[in-house]
Amino acid sequence: MIKEPEFRDYNPGEFEEKVERFWKENDTYEKVKESRSNGPKYYFLDGPPYVSGAIHLGTAWNKIIKDMVIRFRTMQGYNVRRQPGFDMHGLPIEVKVEQALGLKVKKDIETEIGVDNFIRKCKEFALNNLKVMTEQFKMLGVWMDWDKPYMTIKNEYIESGWFTLKRAWEKGLLEKDKRVLHWCPRCETALAEHEVRGEYKIRKDPSIYVKFPVEGKENEYLLIWTTTPWTLPANLAVTVHPEYDYAKVKVETDKGEEYWIIAKALVERVLSEVGLKGEIVETFKGEELEGLRYVHVLMDEYPTQKEFREKYEWAHRVILGEHVTLGDGTGLVHTAPGHGEEDYEVGRGYGLPIYSPVDDEGRYTEGFWKGTYVKDADPQIIEYLTEKGYLVKAGTIEHKYPHCWRCKTPLIFRATDQWFLKVSKVKDTIIKENDEKVTWYPDWVKVRYDNGVMNSGDWVISRQRYWGIPLPIWQAEDGEIYVVGSFKELVEKSVAIVLDGERIELPEDYNEKLKVIEEKLGPEDLHRPYVDAFIIRVNGKEMRRVKDVVDVWFDSGIASWASLDYPRTEENFRKLWPADFIVEGEDQVTKWFYSQQAASVIAFDTVPYRKVAMHGYVLDEKGDKMSKSLGNIIRPEEVVQKEGRDPFRFYMLWATNPWENLRFSWKGLAQVKRMLNILWNVYVLSATYMSLDDFDPTKLNPQELPFREEDRWILSRANSLIGDVTEGVETFRLTKATRAIYNFVVEDLSRWYVRLIRKRMWVEGDDPDKLAAYYTVWKVFDVLLRLMAPFTPYIAEEIYQNLLRPFIGVESVHMLDWPKADEKAIDEELEREMEAVRRIVEAGSSARQRAKIKLRYPVRRIIIETEDETVKKAVERLNRLLKDQLNAKEVVVGRVERELIIKPNFAKVGPEFKGDAKKVIAWISEHGKELYEAGEMDVELEGKTFHLTREHLTIEEKLPDFFVAEDFEGGRVFVDKTLTRELLAEGLAREFVRRIQEMRKRLDLDVNDRIVVTIETTDENRELLGENLDYIMKETRATEVVFGEAKGYVVEWPEVQAKIGIERV
RNA sequence: GGGCCCGUGGCUCAGCCUGGUCAGAGCGCCCGCCUGAUAAGCGGGAGGUCCGGGGUUCGAAGCCCCGCGGGCCCA
């Protein structure tokens, strides 16, 4: 049976807790999963958030979207895989742990506390953060398998990574190569592009112009500019743009006449910069300079350069490159292939060596400045070049320069040996597979994605760190490598382990080997330093592991199969892979969406997911990013605490289209909460009456119920809503779904339907009309709660438990099926007519308001003028509603006769007839009506003929005084405001009823309590009230209404000139 | 420099894919109403060149092109 609602006010904080308890006690989550276990598979793959320790609004949005989709698909009958994931390796955690342990430099990890301890701490840290974040996600009502998330640090997961890398190696897609990358000399590791992004800080650096003597020419130089003097020892070429114009400039220096080669467009600027005068003596295209040899300015100091000069055809020559710009500098770019990305690219094209005489800590490994930290060498080099006469000008520049995000050290570009996945070789497959198999939401993201893929280069996956998937590459002395694909293989191939520098030979037999390993190294743990201990033998050569770990982006890239523990176990992979749906923020388009496809094409030659959706960022109300420095951070916990989980969730799915940025606004949230409040009120109202009447829909036969038009209408609307919501979610146009729900609740259900049926609910006893209304409301909730369950799981559950469960029997709203629209119930004509009725009622109310006739006073008659068939039908079919809502005795379609007032249009007549205007005006004043009826006519006045038309008239309509009119779309409403004595009496009765009710409420009387009413008022009121005493008694549950001294609880009501007293009987 | 998205009343946004019932909602402001959902609810009013300019079309906020402004990604 339906019970009186437990909470009368919508207070999410309270009942959401209660619902949480309910789910927990009944193990509802597991039951929901169980109930769909035989459904078609739906592999949702969670993009693993980094275990930073706290979620923010963006993470919350992300999970709310995911949860909604998961719940939606579950209700549709799918057996949804809903395992959450966490990204747990990587430098950020290493840094936190280093700080916690008070370590200062990378070496400390090995020398101070040892890699094993360090790794243990990292693991602890990551697991702890995972726990904290899990609680936060749970708090949002996100239903995932929190007790068995996938973790990138598990052995199975790491092994999955090894498997993938082995595949890459077998296909020739894993290579070692020298590459120029950002390098932090303190952390001693390469940094990926994404780690550097946003870490550009203003910094003062040298800005110098250096002249390189052209070989074989007296006093002729190439002029270059650089902000990194320390890279000059590694200079191997000067790059010019083949298309640009270059000039030979005659310059007067203090040492005499010199010729400098500078880009023509920059001559003036450069000369003024160095403070010299000069003139152009010759110009030529950049390409004509190609091959021009110059003398390296530090060749004596760096003897290796001498060797290069002999060994390499293109060393110390002008080469061509498209990357040269005319922004800064001279248009001739100092090129050090070991210290610049573009330098590297262009240098490789010319077969130049990748020379980088700098070690991991940023110190020169050879030459004049051997052992000096490169940034410290800058001033020394400047001074040195000045002495040698090559320095033209030395200044400083403030520019943005990348810094290490953890230690703030300026990064250097440095060529190092790194391991690459040769994604460039499989790009075409990625694009083709993506094209054929993946649906993007919204679709234009695909364009963005494709562009990203086109532009991407090979993937640097090695990192010179500790906390990550160890690179499973073993290398022999001679450089031969072998990639291990699993723990089992590692054990099989292993011949010895090294522990504390001591070599322990392993037995041949696999099981015995395993025993020894376990004894010496402990249980399997594929992290460092465990795996570093293994010596394997392949092709008769002993190999040791390459010390690097893998880029964390690789970790998440393999998630679609690694989270299924593939290949260690195959069953899930075979059943589930590829993923059906993923959704992440827009920053992931070129990250996770990409890393997954790249890794998957490498491993399986195809893409790992079928549908992918993108959402935006969460910003503050003004559109600024939330950040500590702006102090505008809003935490999800705060939102939940203040406004509740359901309002938060619905708001995040309602505020804006998911692919756009969401400006978080408390006001918007309040608006959503209000909608839920309205829904709640509708529920409270319905449940209150239904419980009083012991309403039981299962005992009714809907065929026999006398449904009214409004009942059929709201059911029609509810069924239409199903289509809108379903389509909205399926096409990821989430606002379509949420706005449809919002409008239905506020406009259709509350503002209109409940308003229409209220009185039917008040009837006592088994009134069929009332039961029809109850039944309708009940059916509406049956649909609505299902539709809302994925968005607002708590309120849906709370209402469901009381209103529906007693009759449906299913334990939770989340176990119900997603509703299917009943096409037969949809009556579009009725919906249109109801729209018309609503418009008429609005217009009528507006007219009344202008006429200052309160709704409490009935009006005699309302006339609708219309040509619209729908409106006509509506007035006929839904007449009862109109009369009721407009409080009119009669509502009819008809025509109101009105007087036309026809006057001359002075503005038209004057200019046209000038001097004759007066005559015409006089005529029109008298015969205007004839002209109006004729439309146009020729009139002869004093011998002149005038052609007159309706344009020469102004026409005003004059309504009879007792009408007040208002337009609506489709017609016009006329309210007859004639107030008869009868109408007045009725209105007054209502005035009194209302006040007596107010008094009942103040006394907190029960609905069933009887009262005696005493009224002191004017004779006139007394007489008028006398005509409706029965009505007053019935409405106020009075046994008696007595005129005379007010008794009992007495209130004076000056607006109606009365004192009213009531007493409970 | 390239790609993508966004630009609608004071504010936050729907609508745009599928051109013709909208120029809309909420908030804020002003004025009212209702009172058996009630520390709720409802109505009315004021307020917009739908960024600007072209084009396609009988018709464009919506489609196409150019420009301006903002955001993101990439270089």
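Every chain is numbered from 1, with letters handed out A, B, ... down the list of sequences. Since we're looking at a predicted model, the values are computed, not measured.
- No hydrogens or angles considered: nothing links the side chains of N681(A) and R8(A) as a donor-acceptor pair under 3.5 Å.
- For W762(A), the side-chain contact (heavy atoms from CB on, under 4.5 Å) partners at least two apart in sequence or on another chain are Y689(A), R758(A), K759(A).
- Neither side chain, R838(A) nor Q885(A), offers a donor N or O lying under 3.5 Å from an acceptor on the other.
- For R8(A), no side-chain nitrogen or oxygen approaches OP1 or OP2 of rA37(B) to under 4.0 Å.
- As rounded to whole Å, 17 Å separates atom C1' of rC17(B) from atom NZ of K446(A).
- Looking at which nucleotide of RNA chain B each of T735(A) and V682(A) is closest to, the 5′-most match is held by T735(A).
- Across rU12(B) and rC74(B), the matching C1' atoms stand 31 Å from one another, rounded to whole Å.
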Applying salt bridge (charged side-chain N to carboxylate O under 4.0 Å, His left out), run through D767(A) and R760(A) and close with a yes or a no. CA-CA 9 Å; D767(A) 177 43; R760(A) 290 161 69 188; over 6 Å; no

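- Note on L619(A): nothing from the nucleic acid sits closer than 4.0 angstrom, heavy atoms only.
- Ring geometry for F963(A) against F974(A) counts as perpendicular: the plane angle is over 60°, on a 0 to 90° scale with 30° as the lower cut.
- Spacing of P atoms, rC65(B) relative to rG3(B), comes out at 12 Å, to the nearest Å.
- The residue D587(A) sits apart from the nucleic acid: no heavy atom pair falls under 4.0 Å.
- Comparing rC17(B) with rG44(B), their C1' atoms are spaced 36 Å from each other, to the whole Å.
- By the 30° and 60° cut-offs, the orientation of the rings of F15(A) relative to W680(A) is parallel.
- Atom name P, nucleotides rC4(B) and rU21(B): the rounded distance is 31 Å, in whole Å.
- Under the Watson-Crick and G-U wobble criteria, each requiring two contacts below 3.5 Å, nucleotide rA23(B) is left unpaired.
- Checking rG48(B) for Watson-Crick or G-U wobble geometry (two distances, each under 3.5 Å) identifies no partner in any strand.
- A donor and an acceptor atom, one from each side chain of Y857(A) and E991(A), are located under 3.5 Å apart.
- In this structure, CZ of R838(A) is placed 11 Å from P of rC42(B), rounded to the nearest angstrom.
- Using a 4.0 Å heavy-atom criterion, one finds that E1035(A) contacts the bases of the nucleic acid, with or without backbone contacts as well.
- In this structure, NZ of K736(A) is placed 12 Å from C1' of rC16(B), rounded to the nearest angstrom.
- Among the protein residues, Y617(A) comes within range of the sugar-phosphate backbone only, with heavy atoms under 4.0 Å from sugar or phosphate atoms but none that close to a base.
- The C1' atoms of rG53(B) and rC58(B) are separated by 23 Å, rounded to the nearest whole Å.
- Of the charged side-chain nitrogens involved, at least one lies within less than 4.0 Å of a carboxylate oxygen, so that K673(A) and E643(A) count as a salt-bridged pair.
- Nucleotide rC42(B): paired with rG32(B) (Watson-Crick or G-U wobble, both distances less than 3.5 Å).
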Please produce a list of atom pairs where a protein N or O lies less than 3.5 Å from an N or O of nucleotides 1-5 of chain B.
residue: rG3(B); atom: O2'; partner: N451(A); partner atom: ND2; Å: 2.2
residue: rC4(B); atom: O2; partner: R448(A); partner atom: NH2; Å: 3.2

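- The distance between atom CG of N657(A) and atom C1' of rU8(B), rounded to the nearest whole Å, is 14 Å.
- For the pair N681(A) and rG41(B), the criterion of a side-chain N or O lying under 4.0 Å from OP1 or OP2 is not met.
- The NZ atom of K591(A) sits 12 Å away from the C1' atom of rC74(B) (whole-angstrom rounding).
- Under 4.0 Å is where a charged nitrogen must lie from a carboxylate oxygen, and between E829(A) and K873(A) at least one such pair does.
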How would nucleotides 18-35 of chain B be written as a contact map, 5' to 3', with B for base contact, S for sugar-phosphate-only contact and - for no contact, using protein heavy atoms under 4.0 Å? ---B----SS-----SSB

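- Per the geometry, CZ belonging to F7(A) stands 19 Å off P belonging to rA40(B), to the nearest Å.
- Using N1 to N3 plus N6-O4 or O6-N4 for Watson-Crick, or N1-O2 and O6-N3 for G-U wobble, each under 3.5 Å, rC63(B) pairs with rG55(B).
- Using atom P as the reference point in both rU56(B) and rC73(B), the two lie 39 Å apart (nearest Å).
- Aromatic ring orientation, Y651(A) versus W654(A): tilted (interplanar angle from 30° to 60°).
- Within 4.0 Å (heavy atoms only), A655(A) reaches sugar-phosphate atoms of the nucleic acid but no base atom.
- Following rounding to the nearest Å, W666(A) (CH2) and rC13(B) (P) show an atom-to-atom distance of 17 Å.
- Among the nucleotides rA14(B), rC72(B), rG43(B), the one closest to any side-chain atom of E586(A) is rC72(B).
- Spacing between atom CZ of F781(A) and atom P of rA37(B) amounts to 14 Å, rounded to whole angstrom units.
- By the 4.0 Å N-to-carboxylate-O rule, D868(A) lies too far from K872(A) to be salt-bridged with it.
- Rounded to the nearest Å, the gap between the P atom of rG47(B) and that of rG9(B) is 15 Å.
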One pair to check against salt bridge (charged side-chain N to carboxylate O under 4.0 Å, His left out): D1030(A) and K1034(A). What are the steps and the verdict? CA-CA 6 Å; D1030(A) 286 349; K1034(A) 185 172 144 255; over 6 Å; no

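- Distances shown here put every side-chain N or O of T656(A) at or beyond 4.0 Å from the OP1 or OP2 atom of rC13(B).
- No contact: T688(A) has no heavy atom under 4.0 Å from any strand.
- When each of W592(A), W444(A), W440(A) is checked for a ring pair (Phe, Tyr, Trp, His ring centres under 6.0 Å) with Y449(A), only W440(A) meets the rule.
- Mapped onto RNA chain B by nearest heavy atom, E842(A) and W680(A) fall at different nucleotides, with W680(A) at the one closer to the 5' end.
- Using Watson-Crick or G-U wobble geometry with both donor-acceptor distances under 3.5 Å, rG9(B) finds no partner in any strand shown.
- Here rC4(B) sits opposite rG71(B) as a Watson-Crick or G-U wobble pair (both hydrogen-bonding atom distances under 3.5 Å).
- With P as the reference atom, rA61(B) and rA23(B) are 10 Å apart, rounded to whole Å.
- In this structure, rU18(B) forms no base pair with any nucleotide, since neither Watson-Crick nor G-U wobble geometry is met with both distances under 3.5 Å.
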